[in-house]
Amino acid sequence: RSTLFPYTTLFRSDAQELRARLHVGQRILDLQDRLISISDELLFRATHDTLTGVANRGVILDMVSRERMRQARDGRSFGIVLADVDHFKYVNDTYGHLIGDAVLQEVSKRLSSSVRPYDFVGRYGGEEFLIVVPSSDSAGLMGLAERIRKTLESKPIHTEAGEIAVTASFGVAASTDVAPLDPRDLLRLADDALYRAKDRKSVV
């Protein structure tokens, strides 16, 4: 018996050390998972609009430049759709900014549900959204804008203040292989088209 006692003690010591090391290893893995989660959250906050969850202005403008560079390589057409929620100031003034925020959140969801998986939706500023549409010409852009319009107008947005009907105006611009456009010119053309569309609508 006395000759076996040191071996038993040694076995227990090894088992305790193994458990301690496994515990430390698990704590390290948990810490790594937390760091990865925090890193992903910080990256999301840096690249997405905090209210709507779509890409922020910097990211969506960068996507316009990226598509233009891609076009220079492969010659494919692409374009943008600029969408502006009509009479949004009236919504804020009448129902308050919290209700206005809820409207913008729902608008962004409907925009995202209306585009293709490889299109990019971003908040351009205020109540304006910018959609970057790869591999598309003017006809495709007009079709997308019409699809979004119908989706937005299909049913009122439910809010704590009641049902709010929402419409939007659109401006589209295409950069084609025969007439490639600088991102700044592309945005200017879409902006001009948007304001022409808004001018044709009555003011509340």
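Numbering of residues begins at 1 and proceeds along the displayed sequence.
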Colleague: Return the minimal non-hydrogen interatomic distance between Ser112 and Val115, and the atom names on each side.
Modeller: O-CG2, 3.4 Å

Colleague: Between Tyr124 and Leu61, is any pair of side-chain heavy atoms under 4.5 Å apart?
Modeller: yes

Colleague: How close do Glu153 and Val166 get, heavy atom to heavy atom, and via which atoms?
Modeller: CG-O, 3.7 Å

Colleague: For residues Leu82 and Ile148: do they belong to one hydrophobic cluster (side chain heavy atoms under 4.5 Å, members Ile, Leu, Val, Met, Phe, Trp, Tyr)?
Modeller: no

Colleague: In Å, rounded to the nearest 0.5 Å, how long is the span from CD1 of Ile131 to CG of Leu141?
Modeller: 9.5 Å

Colleague: Atom CD of residue position Glu163 - does it have more than 12 heavy atoms of other residues, nucleotides or ligands inside 6.0 Å?
Modeller: yes

Colleague: Measuring from Thr151:OG1 to Glu146:CD, what's the distance to the nearest 0.5 Å?
Modeller: 9.5 Å

Colleague: I'd like to know whether CZ of Arg149 has more than 12 heavy-atom contacts from other residues, nucleotides or ligands below 6.0 angstrom.
Modeller: yes

Colleague: State, to 0.1 Å, how close Ser108 and Phe129 come at their nearest heavy-atom pair, and which atoms those are.
Modeller: CB-CE2, 3.9 Å

Colleague: For Asp137 and Ser77, does a side-chain donor sit closer than 3.5 Å to a side-chain acceptor?
Modeller: no

Colleague: Ignoring hydrogens and geometry, is there a side-chain-to-backbone donor-acceptor pair from Arg123 to Asn56 under 3.5 Å?
Modeller: no

Colleague: Membership question, hydrophobic clusters at under 4.5 Å side-chain separation (ILVMFWY): are Leu194 and Leu130 in the same one?
Modeller: yes

Colleague: For residues 95-106, please give each side-chain donor-acceptor pair under 3.5 Å, one per line with the distance, not counting sequence neighbours.
Modeller:
unit_1 : atom_1 : unit_2 : atom_2 : d
Gln105 : NE2    : Leu51  : O      : 3.3
Glu106 : OE2    : Arg110 : NE     : 2.9

Colleague: Roughly how far apart are Asp74 CG and Asp177 CG, rounded to 0.5 Å?
Modeller: 10.0 Å

Colleague: For the side chain to side chain contact (heavy atoms under 4.5 Å, CB included) test, which of Asp192, Asp191, Leu186 pairs with Arg188?
Modeller: Asp192

Colleague: CZ of Arg147 to OG of Ser113: how many Å apart, nearest 0.5 Å?
Modeller: 9.5 Å

Colleague: Work out which heavy atom in Ala173 is nearest to a heavy atom in Ala190; give both atom names and the distance.
Modeller: CB-N, 3.8 Å

Colleague: Consider only side-chain heavy atoms of I, L, V, M, F, W and Y, link residues closer than 4.5 Å, and tell whether Leu181 and Val133 are in one cluster.
Modeller: no

Colleague: Answer yes or no: is there a donor N or O on one side and an acceptor on the other, between the side chain of Arg76 and the main chain of Pro134, under 3.5 Å?
Modeller: no

Colleague: State yes or no: do Phe170 and Val85 share one hydrophobic cluster built from I, L, V, M, F, W and Y residues joined by side-chain heavy-atom distances below 4.5 Å, directly or via other members?
Modeller: yes

Colleague: Quick one: do Leu144 and Leu152 end up in the same hydrophobic cluster if we chain Ile, Leu, Val, Met, Phe, Trp and Tyr together by side-chain heavy atoms under 4.5 Å apart?
Modeller: yes

Colleague: Taking atom CD1 of Ile60 and atom NE2 of His48, what is their separation to the nearest 0.5 Å?
Modeller: 10.0 Å

Colleague: Can you see whether Asp86 engages Ser169 through a side-chain donor-acceptor pair at a distance of less than 3.5 angstrom?
Modeller: yes

Colleague: Within this structure, what is the OG1-CD distance for the pair Thr52 and Glu127, rounded to the nearest 0.5 Å?
Modeller: 12.5 Å

Colleague: Does any part of the side chain of Arg70, heavy atoms only, come nearer than 4.5 Å to the side chain of Phe78, both counted from C-beta?
Modeller: no

Colleague: Looking only at heavy atoms, which two atoms of Ser175 and Gln71 are closest? And how far apart?
Modeller: O-NE2, 2.6 Å

Colleague: Indicate the atoms forming the closest heavy-atom contact of Arg116 with Ser135, along with that distance.
Modeller: NH1-O, 3.9 Å

